[in-house]
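Each remark here refers to the structure printed beneath this line.
Bear in mind the structure is a predicted one, so any value in this text is a computation, not a measurement.
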Amino acid sequence: MSTLKEEISRRRTFAIISHPDAGKTTLTEKFLLYGGAIAQAGEVKGKRAKAATSDWMEIEKQRGISVTSSVMQFQHSGFCINILDTPGHQDFSEDTYRTLMAADSAVMVIDGAKGVEPQTRKLFKVCALRHIPIFTFINKMDRETRDPLELCEEVERELGIDTYAVNWPIGCGKEFQGVYDREKQRILFFQAEERGKKVSSAEVALDDPALEDMIGEAKAAALREEVELLGAGREFDLEAVRNGTLSPVFFGSALTTFGVEPFLEEFLRMTTPPLPRVSDQGEVDVFSEDFSAFVFKIQANMNKAHRDRLAFMRICSGRFERDREYYHVQGNKKLRLSQPQQMMAAEREIIDEAYAGDIIGVFDPGIFSIGDTVTVPGKKFKFSGIPTFEPEHFMRVSPKDTMKRKQFIKGTEQIAQEGAIQIFKLPGAGMEEVIVGVVGTLQFDVFQYRMRSEYGVELYMSGLPYEHLRVITSCPCKPEDLVLCTGAAILEDFKGRLLVAFGGEWSVGFLTKHNPGLELAESLSV
């Protein structure tokens, strides 16, 4: 039992969130660099740059953005760290939400020149709903940035969370020379090395006369004044950090690696081991001997050579062992997970065991859905469900080549099971033509790209006027006899449920008024 407890206690599982271009993927790279998982970090942009380790899908490499969540594991200072790198683009916030369900804390990356951006607000709200600890890394200090105090105040004002500056920057842009560590009362004075490699630092006390020689008299005086000002503010409270009401703030530059190592060290010290998850039978103890996990992501065709499909699971309790018999609760069947894998972005390794807090990928022959629970035989609890987001954009989709009907059906169904798109059809109709619903329009581009590259199917796509979707929970007549308003339609999803798609919110009143006995669910997660 002590080994189980020790192994679980050294796990740290966190997600990285940010607005696009704040430097999230670059920061992830540098963490991996410190963990020894990679020898040279690959920047996301720039002509001479190789593609970032955590961006594996072709479309991501072309555009320099993350559109799927990557999962990576590495070891550092005795900790076993699982990083969930999330898409920054708002059109993929659904994938980010599901990923945050698998994390115990979040690192929020903010561009020092731009401050809190729209997508940061949206993602922060998701974190706040779960009360997970949020650590703020104010990035790009190697460029001209806004005033650090102003940035901290903006985080408090915009996100409604208290902040505590753990360290304080010395200059910005070309003048960025290091950070002052408030707890150790030391200055970490960075000496730049080759880009992408680790950075060394020299420590000097705030009252050391050598400080003037290092950063100049004016900067030394300003730093002493700012640190004194910070001392009159809020006290650090680890309990408030862990319940998500106080965010520790760090300054640095992921690109030059300045400030990344001190941030990683402090983050590991402050964040928690794996947290318990709630099921329909109460809270599940992380240290229980019984293995349990839930599926939070499904990804097909990560390996072009094998056309495979992986279900990503967050282990919630106990120890996972390869080739043991487990129980899939929703499928009501026993199964052996014989090739469990852990990720280093697209690199994979078959593993024999994993512990609570770890993320594993298991081969999925098409039996898993997002939110499914896997545990030991004899247990039948289910972890709390992951909500389904209502699509906001719809298109009618069909294959250009009717001879490719089989590939078309397989591709749309597989991509829909991953949760990136939702597919519907007209009741009673076949799958020759489907209606695809997405949360953000960029998902249409990714869907079209993947259908072409992974399934060899070119598509006809035409927009539809729907904006909302409701599940019909009670229907007083045959669906075709319902009185519909202009621009509304009855659809069927691949679970066989009937839904109504319509334009403006006013349509709900029209539908219920003209169809007495018609009941529509508020959420798609029913």
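Contacts of E226 classified as salt bridge (Lys or Arg N to Asp or Glu O under 4.0 Å), with partners at least two apart in sequence or in another chain: none. With sequence neighbours left out, the side chain to side chain contact (heavy atoms under 4.5 Å, CB included) criterion links V227 to Y180, L206, L223.
Between F137 and F250, the ring centre distance reaches or exceeds 6.0 Å. Note: F258 and F176 meet the aromatic proximity criterion, with ring centroids under 6.0 Å apart.
Put simply, the residue from N82, D358, D104 that forms a side chain to side chain donor-acceptor pair (under 3.5 Å) with R11 is D358. Exactly one residue among V116, N139, V249 makes a side chain to side chain contact (heavy atoms under 4.5 Å, CB included) with I110. That residue is V116.
Counted by atom type alone, K219 and Q177 present one or more donor-acceptor pairs between their side chains at under 3.5 Å. Using a 3.5 Å distance cut-off with no hydrogens or angles, the side chains of T257 and K30 do pair a donor with an acceptor.
Using cut-offs of 30° and 60° for the angle between ring planes, the F267 and F14 rings count as perpendicular. Between F296 and F294, the two ring planes are perpendicular [angle over 60°; tilted spans 30° to 60°].
Using a distance-only test at 3.5 Å, with no hydrogens or angles considered, a donor-acceptor pair links the side chain of S453 to the main chain of Y449.
Residue E235 places its CD atom among 12 or fewer non-hydrogen atoms of other residues, nucleotides or ligands, all under 6.0 Å distant. More than 12 heavy-atom neighbours from other residues, nucleotides or ligands sit within 6.0 angstrom of CD on E150. Within 6.0 Å of CZ in R143 there are 12 or fewer heavy atoms belonging to other residues, nucleotides or ligands.
Stacking of R182 on the aromatic ring of F236 is not recorded, the 6.0 Å distance cut-off and the 45° axial limit not both being met.
The closest side-chain heavy-atom distance from L149 to W168 is below 4.5 Å. The closest side-chain heavy-atom distance from T163 to E153 is not below 4.5 Å. Under the 4.5 Å side-chain criterion, counting only non-hydrogen atoms from C-beta, V278 is in contact with S384. Side-chain contact between I351 and I360: present, with at least one pair of heavy atoms (C-beta onward) separated by less than 4.5 Å. A heavy-atom distance below 4.5 Å is not found between the side chains of F263 and P248.
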Residue pair Y466, F502: steps toward the ring pair (Phe, Tyr, Trp, His ring centres under 6.0 Å) verdict
CA-CA 5 Å; Y466 319 137; F502 52 90; 8.9 Å; no

Going through the checks in order, is the salt bridge (Lys or Arg N to Asp or Glu O under 4.0 Å) test met by R277 and D285?
CA-CA 8 Å; R277 291 293 189 272; D285 178 17; over 6 Å; no

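Ion pairing of R224 with E212 is present here, as a side-chain N (NZ or NE/NH1/NH2) and a carboxylate O approach within less than 4.0 Å.
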